[in-house]
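This report concerns only the one structure given below.
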Amino acid sequence: MNILLLGSGGREHAFAWKLSQSGNPGKLYIAPGNAGTAQCGENVSLNPLDFEAVLTFCRDKSISLILPGNEDPLVAGIVDFMKPHGIAVAGPDQYAATLEGSKDFAKAFMMRHNIPTAAYKSFTAENLHEGKAFLATLAPPYVLKADGLAAGKGVIITEDIAEAEAVLNDMITNARFGSAGNTVVIEEFLHGIEISCFAVSDGETWRMLGSAKDYKRIGEGDTGPNTGGMGAISPVPFADETFMQKVADHIAIPTFEGLKKEGHPFKGFLFMGLMNCKGEPKVIEYNVRMGDPETEAIFPRLRVNMKDLAVAIAHGGLDKLPFEMDARTAATVFLVSAGYPGDIEKGKPMQIPAPGAQTLFFHAGTKRTDNGVVTNGGRVLAITSLAENIAMAAEISLHAAETVQYEGKFYRKDIGKDLQALQS
Ligand code: AMP
Ligand code: GLY
């Protein structure tokens with residue numbers, strides 16, 4: 001079977017690596033891919049959002065399955081577009097993808113299906129003044145979210161009510177986040193530790209895919225601006241059996257059942273961004289895809305045939321698929337470019353020695369040139385190691401990080417430190 005994987009990050013290299021181990025005799029194409037995915041299949045320069053071009057390519061290359069790595073094609077409706085053309089896509093349809101595409105839709109969905117989340121109200125230009133009155137009823141900090149996709153930047157949290165009012169006004173009246181901010185969700189601030197939990201469904205049955213913690217800030221001790229993710233740990237020590245059972249019973253199952261009732265059974269990977277509020281998981285956000293860098297920490301622990309999983313998502317049969325999770329801990333450290341998440345320079349030549357037996361390198365912003373591999377983005381290379389505990393896994397990844405060379409290399413040396421005390 002020929003497969004087309006969409007995307008170019010570390011997550012997509014992890015997908016491509018798993019697919020290349022699946023014993024599939026067919027070809028794997030990656031659009032647009034990176035220097036890492038090029039080791040697992042053939043990179044092609046196609047825009048994943050140009051559905052007509054993707055369709056033509058699929059016909060030319062006899063591709064029968066598309067696997068989107070990130071949300072953009074899903075939210076734009078690639079599943080619905082391809083369906084009449086007989087090309088299966090391992091992902092949710094556009095209605096189900098709106099769980100990620102619209103925060104207002106996601107909140108209303110959670111209310112309809114009694115899924116625990118922060119209390120909220122939504123506001124538009126019509127009821128802007130009510131938004132200000134609503135803010136006055138809340139205790140700080142205030143959480144304001146642009147409704148639509150805003151490249152991870154559409155959430156503002158502030159202690160200052162005057163600033164909250166100004167942000168609300170800025171989003172709605174001055175289109176601070178473009179049309180993504182036409183509707184603004186204002187919600188209760190949740191106190192607790194954040195965690196990413198994952199599940200996969202074929203529309204009929206589902207499986208949990210474990211937990212991970214994403215380190216979002218650029219600086220050690222969780223300081224400085226937000227990034228795409230500087231590292232990850234999986235599993236998270238406090239996400240024990242009891243906690244994960246609550247995630248399944250209170251969140252994953254009602255989400256899958258709710259979508260089924262609404263006529264759009266979820267087929268794909270569900271990312272539940274949660275707050276652990278004194279042992280009770282509450283939803284901060286849904287994503288309709290795997291996380292990055294969480295995938296780079298979870299997939300090395302996951303024993304499943306990825307081709308069979310992708311086929312099951314699209315065509316059913318997930319209940320028959322053997323699934324196992326490695327009990328070891330994965331620690332992922334992301335190497336980034338100097339200046340990230342601000343302005344960066346690309347094209348720095350890289351030396352990447354072969355990793356040790358417990359370690360995997362997943363390329364993100366890299367490119368293969370005639371003169372070898374060069375940097376090609378802010379987040380460059382995800383390094384994942386598996387070991388008995390967080391401290392050991394992180395130490396191996398940090399050691400591997402020293403062996404990779406390029407000008408401007410930067411990485412956090414404290415990934416997992418906060419969780420070590422929780423691990424017995
Ligand atoms: P989101 O894009 O919805 O994941 O929000 C970005 C970040 O803002 C999250 O990863 C949280 O760290 C934080 N956040 C969002 N909503 C809340 C909330 N209701 N309470 C506390 N923190 C939040
Ligand atoms: N790690 C957060 C995300 O993938 O959205």
Side-chain angles (χ1 to χ4, degrees), residues 7-12 14-15 68-72 74-75 97 99-107 110 115-122 135 138-159 164 167 171 177 180-181 183-198 209 211-218 222-223 225-234 236 269-278 280-299 332 334 341 362 364 378-379 382 415:
S8 62
R11 167 183 48 210
E12 285 73 27
F15 266 106
N70 82 350
E71 66 277 14
D72 290 340
L74 294 165
V75 173
L99 282 184
E100 176 163 0
S102 163
K103 293 191 188 290
D104 182 44
F105 176 92
K107 295 297 283 192
M110 287 185 267
I115 296 167
T117 186
Y120 86 107
K121 276 194 178 163
S122 296
L135 279 171
L138 298 175
Y142 306 95
V143 182
L144 294 97
K145 301 185 174 184
D147 173 55
L149 293 182
K153 297 191 174 71
V155 177
I156 306 289
I157 299 179
T158 172
E159 293 279 342
V167 166
M171 285 195 196
F177 296 105
T183 300
V184 175
V185 168
I186 300 180
E187 68 178 32
E188 167 200 8
F189 183 86
L190 297 174
H191 294 271
I193 307 181
E194 227 175 311
I195 177 171
S196 309
C197 293
F198 298 86
L209 289 179
S211 65
K213 179 168 178 187
D214 172 12
Y215 290 79
K216 296 183 190 214
R217 303 293 195 93
I218 186 73
D222 293 325
T223 53
N226 261 325
T227 70
M230 295 295 292
I233 297 290
S234 174
V236 179
F269 295 98
L270 182 69
F271 172 152
M272 295 161 279
L274 309 175
M275 196 67 90
N276 175 6
C277 303
K278 299 193 174 118
E280 298 304 317
K282 292 191 180 181
V283 178
I284 292 179
E285 64 161 354
Y286 286 113
N287 296 308
V288 296
R289 45 148 179 101
M290 287 300 293
D292 193 346
E294 290 94 331
T295 307
E296 294 94 303
I298 289 178
F299 277 10
T332 302
F334 233 117
F362 296 115
R379 289 195 299 167
I415 301 299

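Start at 1 and go down the list; that is how both ligands and their atoms are numbered.
Ligand 1 places these atoms under 4.0 Å from at least one heavy atom of Glu187: 16 (N), 17 (C), 18 (C), 19 (N). Contact atoms of ligand 1 toward Lys216: 10 (O) (distance under 4.0 Å to a heavy atom of the residue). Within ligand 1, the atoms closer than 4.0 Å to a non-hydrogen atom of Lys145 are 3 (O), 15 (C), 16 (N), numbered from 1 in the order shown. Taking every non-hydrogen atom of Gly291 and a distance limit under 4.0 Å, the qualifying atoms of ligand 2 come out as 4 (O). Close contacts of ligand 1 with Met275, meaning ligand atoms under 4.0 Å from a residue heavy atom, involve 21 (C), 22 (N). Listed by number with element, the atoms of ligand 1 under 4.0 Å from a non-hydrogen atom of Ile157 are 8 (O), 13 (C), 14 (N), 22 (N), 23 (C).
In terms of heavy-atom proximity, Ala212 sits nearest to Ile298 at CB-CD1, 4.1 Å. In terms of heavy-atom proximity, Gly10 sits nearest to Phe362 at O-CB, 4.0 Å.
Ring geometry for Phe15 against Phe269 counts as perpendicular: the plane angle is over 60°, on a 0 to 90° scale with 30° as the lower cut.
Using a 4.0 Å cut-off between heavy atoms, Glu294 contacts ligand 2 through its side chain alone, with no backbone atom that close. Counting heavy atoms under 4.0 Å from ligand 1, residue Val155 touches it through the side chain alone. With a 4.0 Å cut-off on non-hydrogen atoms, Glu285 does not touch ligand 2 at all.
In terms of N/O distances under 3.5 Å, ligand 2 is approached by Asp292. Some N or O of Leu190 is nearer than 3.5 Å to an N or O of ligand 1, by distance alone.
Under a 4.0 Å heavy-atom criterion, Arg289 is in contact with ligand 2. Distances from ligand 1 to the non-hydrogen atoms of His191 include no value under 4.0 Å.
Under 4.0 Å is where a charged nitrogen must lie from a carboxylate oxygen, and between Lys216 and Glu194 at least one such pair does. Electrostatic pairing of Glu100 and Arg289 counts as a salt bridge here, judged by a charged N lying under 4.0 Å from a carboxylate O.
Side-chain atoms of Asp214 do not come within 3.5 Å of backbone N or O of Gly229 as any donor-acceptor pair. Asp147 contributes no side-chain N or O that, together with a main-chain N or O of Val184, makes up a donor-acceptor pair within less than 3.5 Å.
Of the protein's non-hydrogen atoms, the one nearest atom 2 (C) of ligand 2 is Asp214 OD2, 3.5 Å.
Between the CG atom of Leu209 and the OG atom of Ser196 there is a distance of 12.5 Å, given to the nearest 0.5 Å. If you take CG on Asn287 and CG on Asp292, they are separated by 11.5 Å, rounding to the nearest 0.5 Å.
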